[in-house]
Amino acid sequence: KKIKEDLGELSIKDEEINKLRQKLLDLKAPERIKKRIDDERIRERKYSSQRLLEKLVVYTDILDKACNAKYDDPMMQNFLLGFKMISDNFQNILNEEGVKKIKLDKYFDPKFMQAMEVDYDPEKEENEILQVLKEGYMYKDRVLVYALVKVNKKPQEEKPKEANNESSDEATINNEE
């Protein structure tokens with residue numbers, strides 16, 4: 001009888017403990033929600049200019065390519081010199097905002113690059129970058145624009161189709177009989 005009473009008291013105390021735990025969780029919930037909202041706000045502020053920078057990077061790349069074009073005409077070279085100064089100023093502004101060119105290694109890395117073309121050069125290693133088609137950019141710790149590259153990939157050997165042709169020829173012969 002004493003054991004039954006003790007078990008009854010224990011179950012009542014367990015229920016009380018569970019209710020108190022739930023109240024404690026309920027009291028902490030607003031703190032967790034507030035912390036999550038604050039973290040989201042910080043992240044939004046940190047990356048608020050990302051879309052604008054994505055667009056600017058595209059045009060600064062175009063301007064940079066135009067500035068690096070070679071012309072024999074001295075007047076055109078003077079214009080390019082002015083455009084080069086403007087391009088350098090754009091690059092400085094992007095750097096100040098946290099935009100950096102992706103430093104490409106020798107080998108393809110899908111975290112920072114997109115393989116736009118595949119070719120095979122037997123003198124180069126597998127997955128080695130053969131050509132950079134377009135520079136990539138990072139914005140703080142995120143990829144802003146992926147680098148577009150041409151990658152060295154050995155072509156897959158095609159399986160001989162003779163075995164398939166023999167079986168289809170046998171099927172045709174068997175159907176004719």
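Judged by distance alone, with hydrogens and angles left aside, the side-chain atoms of Asn152 form a donor-acceptor pair with the main-chain N or O of Asp121 at under 3.5 Å. Distance alone, capped at 3.5 Å, is enough to place a donor-acceptor pair between the Thr60 side chain and the Leu56 backbone. At least one donor-acceptor pair closer than 3.5 Å links the side chain of Gln77 to the backbone N or O of Tyr71. A donor-acceptor pair under 3.5 Å is absent between the side-chain atoms of Asn127 and the main chain of Tyr107, judged by distance alone.
Summarising the local packing, NZ of Lys100 is surrounded by more than 12 heavy atoms from other residues, nucleotides or ligands at distances under 6.0 Å. When the shell of 6.0 Å around OH of Tyr59 is examined, it contains 12 or fewer heavy atoms from other residues, nucleotides or ligands. More than 12 non-hydrogen atoms from other residues, nucleotides or ligands lie less than 6.0 angstrom from OH of Tyr120.
Distance CG/Asp119 to NZ/Lys150: 4.5 Å, rounded to 0.5 Å. Rounding to the nearest 0.5 angstrom, the gap separating the CG atom in Leu81 from the SG atom in Cys67 is 9.0 Å. Interatomic distance, CD1 of Ile93 versus CG of Leu53, reported as 10.5 Å (0.5 Å rounding). Rounding to the nearest 0.5 Å places CG of Leu10 at 11.5 Å from CD of Glu15. Of the inter-residue distances, the one linking Phe83 atom CZ with Asp64 atom CG reads 13.5 Å to the nearest 0.5 angstrom. Atom NZ of Lys84 and atom CG of Asn68 lie 5.0 Å apart (nearest 0.5 Å).
Met113 and Val57 sit in two unconnected hydrophobic clusters of ILVMFWY residues. Membership requires side-chain heavy atoms under 4.5 Å apart, directly or through other members. At a threshold of 4.5 Å between side-chain heavy atoms, the hydrophobic network of Ile, Leu, Val, Met, Phe, Trp and Tyr places Leu20 and Leu25 in two separate groups. In the hydrophobic clustering of this structure, Val149 groups with Ile102; members are Ile, Leu, Val, Met, Phe, Trp, Tyr whose side-chain heavy atoms approach within less than 4.5 Å, directly or through other members. No single ILVMFWY cluster, assembled from side-chain heavy atoms under 4.5 Å apart, contains both Phe108 and Leu148. A single hydrophobic cluster is not seen to contain both Met116 and Ile129; linkage of ILVMFWY side chains at heavy-atom distances under 4.5 Å, directly or through other members, places them apart.
Between Arg43 and Asp39 there is no salt bridge, since no side-chain nitrogen of the basic residue lies less than 4.0 Å from a carboxylate oxygen of the acidic one.
Looking at Glu128, Glu126, Glu117 one by one, the single match for side-chain contact (heavy atoms from CB on, under 4.5 Å) with Lys153 turns out to be Glu126.
For the pair Leu104 and Ala147, the tightest heavy-atom approach, listed with the atom from each and the gap, is CD2-CB, 3.8 Å.
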task = Report the C-alpha distance between Ile37 and Ile33 in whole Å, list the side-chain angles of each, state the deciding distance to 0.1 Å, and finish with yes or no for side-chain contact (heavy atoms from CB on, under 4.5 Å).
result = CA-CA 6 Å; Ile37 290 171; Ile33 292 170; 3.7 Å; yes

Could you list the donor-acceptor pairs under 3.5 angstrom formed by side chains in residues 136-146, with sequence neighbours left out?
| residue | atom | partner | partner atom | Å |
| --- | --- | --- | --- | --- |
| Tyr137 | OH | Asp61 | OD1 | 2.6 |
| Tyr139 | OH | Lys46 | O | 3.2 |
| Tyr139 | OH | Ser49 | OG | 3.0 |
| Lys140 | NZ | Lys46 | O | 2.9 |
| Asp141 | OD1 | Tyr47 | OH | 2.1 |
| Asp141 | OD2 | Tyr47 | OH | 3.3 |
| Arg142 | NH1 | Gln50 | OE1 | 3.0 |

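Residues Asp26 and Gln22 have side chains that bring a donor and an acceptor to within less than 3.5 angstrom of each other.
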